[in-house]
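What follows is a single structure, written as structure tokens, with notes after it.
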Amino acid sequence: AQQGRVREKVYGKQKIYFADQEQLPAASDAELRGLDEKIAERSSQLQALQQSCRHMEAELKDLNSSMTTPEIAREIEALRKDCASYTEKLERMKSATNHVTPEEKEKVCREQQLYRREWRRRKRMATELLDAILEGYPKSKKQFFEEVGIETDEDHGAVLP
């Protein structure tokens, strides 16, 4: 500090030493532009490296989340076993001798339609009768059903096809 190479500042009991910038040569405008260009170049290099790093991190995350070769081998083996069992089941079904004939199938479909029609008809009749009774009933429909002991299709989850 006495020789003038560094400067000294006193803040209370503390002393701070720093380089005397007046002794340093002043940079010309050309040097400053050159330094600015280097800064811009290095900044673009930094951004390119950061982008590359993010891309590699994303790829690493993707690879870490995917299955490993032994896991894939186990999965393939399990799928092959499932496929074999389904193929065997299909062959048993194809070779079965107790197939339903088209006449039997048609008969069952006709019976189902008959029963479905009857179900709708009876449900409509019951609904009309209950609505007629409920017109003069002082309480709610739900209370009436509880008192009489009526269970509806909806109570049991039955849906008219």
Side-chain angles (χ1 to χ4, degrees), residues 11-12 14 16 18-19 27 29-161:
Y11 293 104
Q14 297 177 351
I16 297 177
F18 56 93
D29 288 342
E31 288 177 324
L32 289 175
R33 280 192 297 274
L35 290 174
D36 286 341
E37 289 174 8
K38 282 185 180 178
I39 289 172
E41 181 183 321
R42 297 280 167 88
S43 294
S44 66
Q45 288 176 351
L46 174 66
Q47 287 178 350
L49 289 173
Q50 286 176 335
Q51 179 67 24
S52 174
C53 184
R54 281 193 294 271
H55 177 68
M56 288 180 183
E57 285 175 347
E59 188 176 342
L60 177 65
K61 183 179 178 184
D62 187 39
L63 289 173
N64 283 337
S65 66
S66 63
M67 297 175 86
T68 63
T69 304
E71 290 173 340
I72 290 175
R74 284 193 296 272
E75 184 72 19
I76 288 172
E77 187 61 33
L79 290 173
R80 282 191 178 138
K81 286 179 184 176
D82 288 348
C83 185
S85 68
Y86 290 141
T87 304
E88 180 182 323
K89 187 176 180 180
L90 179 63
E91 290 301 320
R92 281 197 315 256
M93 287 180 180
K94 284 182 178 179
S95 65
T97 57
N98 58 352
H99 291 292
V100 177
T101 63
E103 295 83 24
E104 290 174 332
K105 182 179 177 183
E106 185 62 35
K107 179 183 173 191
V108 169
C109 288
R110 278 195 311 268
E111 286 178 2
Q112 184 196 26
Q113 287 176 348
L114 174 73
Y115 295 142
R116 193 175 348 157
R117 240 182 283 128
E118 189 64 25
W119 183 6
R120 283 193 178 116
R121 188 178 66 79
R122 289 183 183 197
K123 182 171 182 164
R124 186 175 50 251
M125 288 176 15
T127 305
E128 289 173 0
L129 181 65
L130 290 171
D131 287 342
I133 292 172
L134 284 170
E135 284 180 11
Y137 193 71
K139 297 180 182 174
S140 71
K141 183 177 184 179
K142 186 176 181 181
Q143 290 173 336
F144 175 70
F145 282 8
E146 283 182 20
E147 286 180 17
V148 177
I150 296 174
E151 296 177 354
T152 62
D153 294 337
E154 290 77 21
D155 292 341
H156 293 281
V159 179
L160 223 97

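- Look at K142 and E154 and you find no salt bridge, because none of the NZ, NE, NH1 or NH2 atoms lies under 4.0 Å from a carboxylate O.
- Every residue two or more places apart in sequence or in another chain was checked for a ring-ring contact (aromatic ring centres under 6.0 Å, His included) with F145, and none qualifies.
- Looking at heavy atoms from C-beta onward, L90 lies in side-chain contact with K94 at the 4.5 angstrom threshold.
- Remark: R42 CZ is loosely packed, at most 12 non-hydrogen atoms of other residues, nucleotides or ligands lying under 6.0 Å away.
- In this structure, R54 has no salt bridge (Lys or Arg N to Asp or Glu O under 4.0 Å) partners at least two apart in sequence or on a different chain.
- A heavy-atom distance below 4.5 Å is found between the side chains of K123 and T127.
- Enclosure of atom CE in M56 is not indicated, since only 12 or fewer non-hydrogen atoms of other residues, nucleotides or ligands lie within 6.0 angstrom.
- Here the closest heavy-atom approach between residue S140 and residue L134 is recorded as O-CD2, 4.4 Å.
- The side-chain heavy atoms of Q51 and Q47, taken from C-beta on, include no pair separated by under 4.5 Å.
- With rounding to the nearest 0.5 Å, the separation of CD1 in I72 from CZ in R74 is 10.5 Å.
- Side-chain contact of T152 with D155: a donor-acceptor pair under 3.5 Å is present, judged by distance alone.
- Taking CD1 from I39 and CG from L32, the interatomic distance works out to 9.5 Å, rounded to the nearest 0.5 Å.
- In this structure, M67 and E71 approach most closely via the heavy-atom pair CA-OE1, 3.3 Å.
- With salt bridges taken as basic N to acidic carboxylate O contacts below 4.0 Å, none links K107 and E104.
- Heavy-atom neighbours of H156 NE2 from other residues, nucleotides or ligands within 6.0 Å: above the threshold of 12.
- Annotation for Q14: atom CD does not count as buried by contact number, only 12 or fewer foreign heavy atoms lying within 6.0 Å.
- Annotation: the span from L114 atom CG to C109 atom SG amounts to 13.0 Å, rounded to 0.5 Å.
- One finds the CD atom of E59 at 11.0 Å from the CG atom of N64 (value rounded to the nearest 0.5 Å).
- The number of heavy-atom neighbours closer than 6.0 Å to CZ of F18, taken from other residues, nucleotides and ligands shown, is above 12.
- Taking 4.0 Å as the cut-off between side-chain N and carboxylate O, R92 and E88 count as a salt-bridged pair.
- Between the CG atom of L60 and the CD atom of E57 there is a distance of 8.0 Å, given to the nearest 0.5 Å.
- Going from atom CD of E128 over to atom CZ of R124 covers 6.5 Å, rounded to the nearest 0.5 Å.
- Heavy atoms of other residues, nucleotides or ligands lying less than 6.0 angstrom from NZ of K105 number 12 at most.
- Shown here for V159 and W119, the closest heavy-atom pair between the two residues is O-CH2, 3.7 Å.
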